[in-house]
Amino acid sequence: MKSVAIMGGSGGIGAALIEQLLARDDIALIHASARRRVPDSAGIAAADEKNTGRLRWTLFDATDESAVESWVKGLGSVDWLINCVGLLHDDNARPEKSIGQLDPQHFLRSMQVNTLPTLLLGKHALPALRQSPAAVFASISARVGSIEDNALGGWYSYRSSKAALNMSLKCLAIEWARSASNVRVAALHPGTTDTALSMPFQRNVPAGKLFSPAKTARLLIEQIECLHDRPSGRFIAYDGEEIPW
């Protein structure tokens with residue numbers, strides 16, 4: 001039986017992961033976080049129709065270190081810790097097509113939301129992961145965060161913050177290989193998923209490449225389950241492809 005913690009469980013991918021995990025008999029407990037409110041998800045309600053008490057929500061800001069530390073200390077022992085918190089755009093800013101569109105405040109906010117929460121988790125979560133024989137520490141990243149794979153340019157804030165996230169995970173994997181060899185660290189690319197994050201940019205997605213949140217969650221879980229068959233510190237796509245950093 002596994003215990004799972006998902007930070008950012010109110011987003012499209014986070015909620016879909018919770019729904020998929022609730023449907024499994026080998027998941028004993030799911031800790032989930034949201035920033036402002038618990039999502040009113042029919043899918044989650046249906047998956048947990050027996051009201052088994054396996055899903056426990058906590059509201060906090062994932063960029064607040066004291067809140068993250070408090071949440072992690074309350075987890076007890078967990079097998080999988082997955083960060084789904086992310087920001088691509090908001091009401092005031094969209095991805096930059098050129099450097100002239102760079103907004104310093106949006107850039108800093110992107111770093112704060114896309115990179116910092118994983119570092120805060122890494123700083124405080126190891127005691128919760130040590131007792132698992134096959135622990136996983138993973139964050140949702142994006143292929144556009146790959147420096148080597150970047151052939152189009154643009155999207156300065158998002159690309160930079162995801163590249164920083166990837167470097168953070170790589171550093172963490174190297175450190176924990178020496179001090180916590182039971183943990184596999186990974187950056188996960190979910191593909192383009194039909195969520196509010198991708199909504200303004202779906203028009204140019206190739207046929208068959210826009211995934212439902214349920215499909216994305218299923219594919220990501222498949223990759224998470226086989227992380228211990230790989231070395232730690234890899235950038236892995238939904239289909240198992242290893243993406244260059």
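Heads up: numbering here begins at 1 and tracks the sequence.
- For the 3.5 Å distance criterion, the side chains of Ser161 and Thr115 fail to qualify, holding no donor opposite an acceptor.
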Any chance you could lay out the side-chain contact (heavy atoms from CB on, under 4.5 Å) test for Val144 and Asn150, step after step, and finish with the verdict?
CA-CA 6 Å; Val144 297; Asn150 181 5; over 6 Å; no
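- Between Glu65 and His124, the side chains place a donor N or O and an acceptor N or O closer than 3.5 Å (distance only, hydrogens not considered).
- The main-chain N or O of Ser157 is found under 3.5 Å from a side-chain atom of Glu96 such that the two form a donor-acceptor pair.
- When hydrophobic clusters are built by joining Ile, Leu, Val, Met, Phe, Trp and Tyr residues whose side-chain heavy atoms come closer than 4.5 Å, directly or via intermediates, Ile6 is grouped together with Ile221.
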side-chain contact (heavy atoms from CB on, under 4.5 Å) between Leu22 and Ile27, intermediate numbers included
CA-CA 7 Å; Leu22 282 171; Ile27 304 299; over 6 Å; no
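- The neighbour count for Glu242 CD, taken as heavy atoms of other residues, nucleotides or ligands under 6.0 Å away, is above 12.
- Of all non-hydrogen atoms in Arg37 and Ser10, the two that sit nearest each other are O-CB, 4.2 Å.
- With hydrogens and angles ignored, the 3.5 Å screen pairs no side-chain donor or acceptor of Thr193 with any backbone N or O of Ser212.
- In this structure, the side chain of Ser70 does not engage the main chain of Ser66 through any donor-acceptor pair within 3.5 Å.
- Shortest non-hydrogen contact noted between Gly53 and Leu29 is O-CD1, 4.1 Å.
- Using the six-membered ring where Trp is involved, Phe235 and His189 have ring planes that are perpendicular, over 60° apart on the 30 and 60° scheme.
- Ala138 and Leu188 make their closest contact through CB-CD1, 3.8 Å (heavy atoms, listed as atom of the first residue, atom of the second, distance).
- Ring-plane geometry between Phe211 and Tyr238 is classed as perpendicular, the angle between the planes exceeding 60 degrees on a 0 to 90 degree scale with a lower cut at 30.
- Cluster annotation: Trp155 is not connected to Leu165 through the hydrophobic network of ILVMFWY side chains, with a link wherever side-chain heavy atoms come within less than 4.5 Å.
- Residues Phe60 and Ser33 are in side-chain contact: their nearest non-hydrogen atoms beyond the backbone lie under 4.5 Å apart.
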Would you tabulate the side-chain donor-acceptor contacts of residues 125-136 under 3.5 Å, counting partners in other chains and residues two or more places apart, or write 'none'?
| residue | atom | partner | partner atom | Å |
| --- | --- | --- | --- | --- |
| Arg130 | NH1 | Ser179 | O | 3.0 |
| Ser132 | OG | Asp79 | OD1 | 2.7 |
| Ser132 | OG | Ala134 | N | 3.3 |
| Ser132 | OG | Ala135 | N | 3.4 |

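- Of all heavy-atom pairs spanning Trp245 and Gly233, the tightest one is CZ2-O, 3.2 Å.
- In the displayed structure, Leu102 atom CG is contacted under 6.0 Å by more than 12 heavy atoms of other residues, nucleotides or ligands.
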Would you sort out whether Arg230 and Arg184 count as a side-chain contact (heavy atoms from CB on, under 4.5 Å), showing the intermediate values?
CA-CA 8 Å; Arg230 301 174 181 255; Arg184 288 292 183 273; 5.9 Å; no
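- In this structure, the side chains of Val113 and Arg35 stay at 4.5 Å or more apart for every pair of heavy atoms.
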Any chance you could lay out the salt bridge (charged side-chain N to carboxylate O under 4.0 Å, His left out) test for Lys215 and Glu222, step after step, and finish with the verdict?
CA-CA 11 Å; Lys215 180 176 180 177; Glu222 288 176 1; over 6 Å; no
Carefully, step by step, assess Ser139 and Thr118 under the rule side chain to side chain donor-acceptor pair (under 3.5 Å).
CA-CA 7 Å; Ser139 289; Thr118 289; 2.6 Å; yes
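- Scanning for ring-ring contact (aromatic ring centres under 6.0 Å, His included) contacts around Trp80 gives an empty result, with sequence neighbours left out.
- Residues Leu55 and Ala32 approach most closely at CD1-CB, 4.0 Å, considering heavy atoms.
- Side-chain atoms of Ser232 come within 3.5 Å of backbone atoms of Val185 as a donor-acceptor pair (strictly under, hydrogens ignored).
- Taken together through direct or relayed side-chain contacts under 4.5 Å among Ile, Leu, Val, Met, Phe, Trp and Tyr, Leu227 and Leu81 form parts of separate hydrophobic clusters.
- No donor-acceptor distance shorter than 3.5 angstrom exists from the side chain of Arg56 to the backbone of Ile30, with no hydrogens or angles considered.
- Distance alone, capped at 3.5 Å, places no donor-acceptor pair between the Asp91 side chain and the Ala93 backbone.
- Note on Met7: it clusters hydrophobically with Val183, by side-chain heavy-atom contacts below 4.5 Å among ILVMFWY residues.
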Which atom pairs, one a donor and one an acceptor, fall under 3.5 Å between side chains of residues 167-176 and the rest of the protein, sequence neighbours left out?
| residue | atom | partner | partner atom | Å |
| --- | --- | --- | --- | --- |
| Ser168 | OG | Ala164 | O | 2.8 |

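- At a threshold of 4.5 Å between side-chain heavy atoms, the hydrophobic network of Ile, Leu, Val, Met, Phe, Trp and Tyr places Met1 and Ile224 in two separate groups.
- In this structure, the side chains of Tyr156 and Phe107 stay at 4.5 Å or more apart for every pair of heavy atoms.
- Closest of all the heavy-atom pairs between Thr63 and Leu116 is O-CD2, 3.8 Å.
- Residues Cys84 and Leu17 are in side-chain contact: their nearest non-hydrogen atoms beyond the backbone lie under 4.5 Å apart.
- Not a single donor-acceptor pair under 3.5 Å links the side chain of Gln20 to the backbone N or O of Ala16.
- A salt bridge does not link Arg234 with Glu241: every distance from a Lys NZ or Arg NE/NH1/NH2 to an Asp or Glu carboxylate oxygen is 4.0 Å or more.
- Not a single donor-acceptor pair under 3.5 Å links the side chain of Arg143 to the backbone N or O of Asp149.
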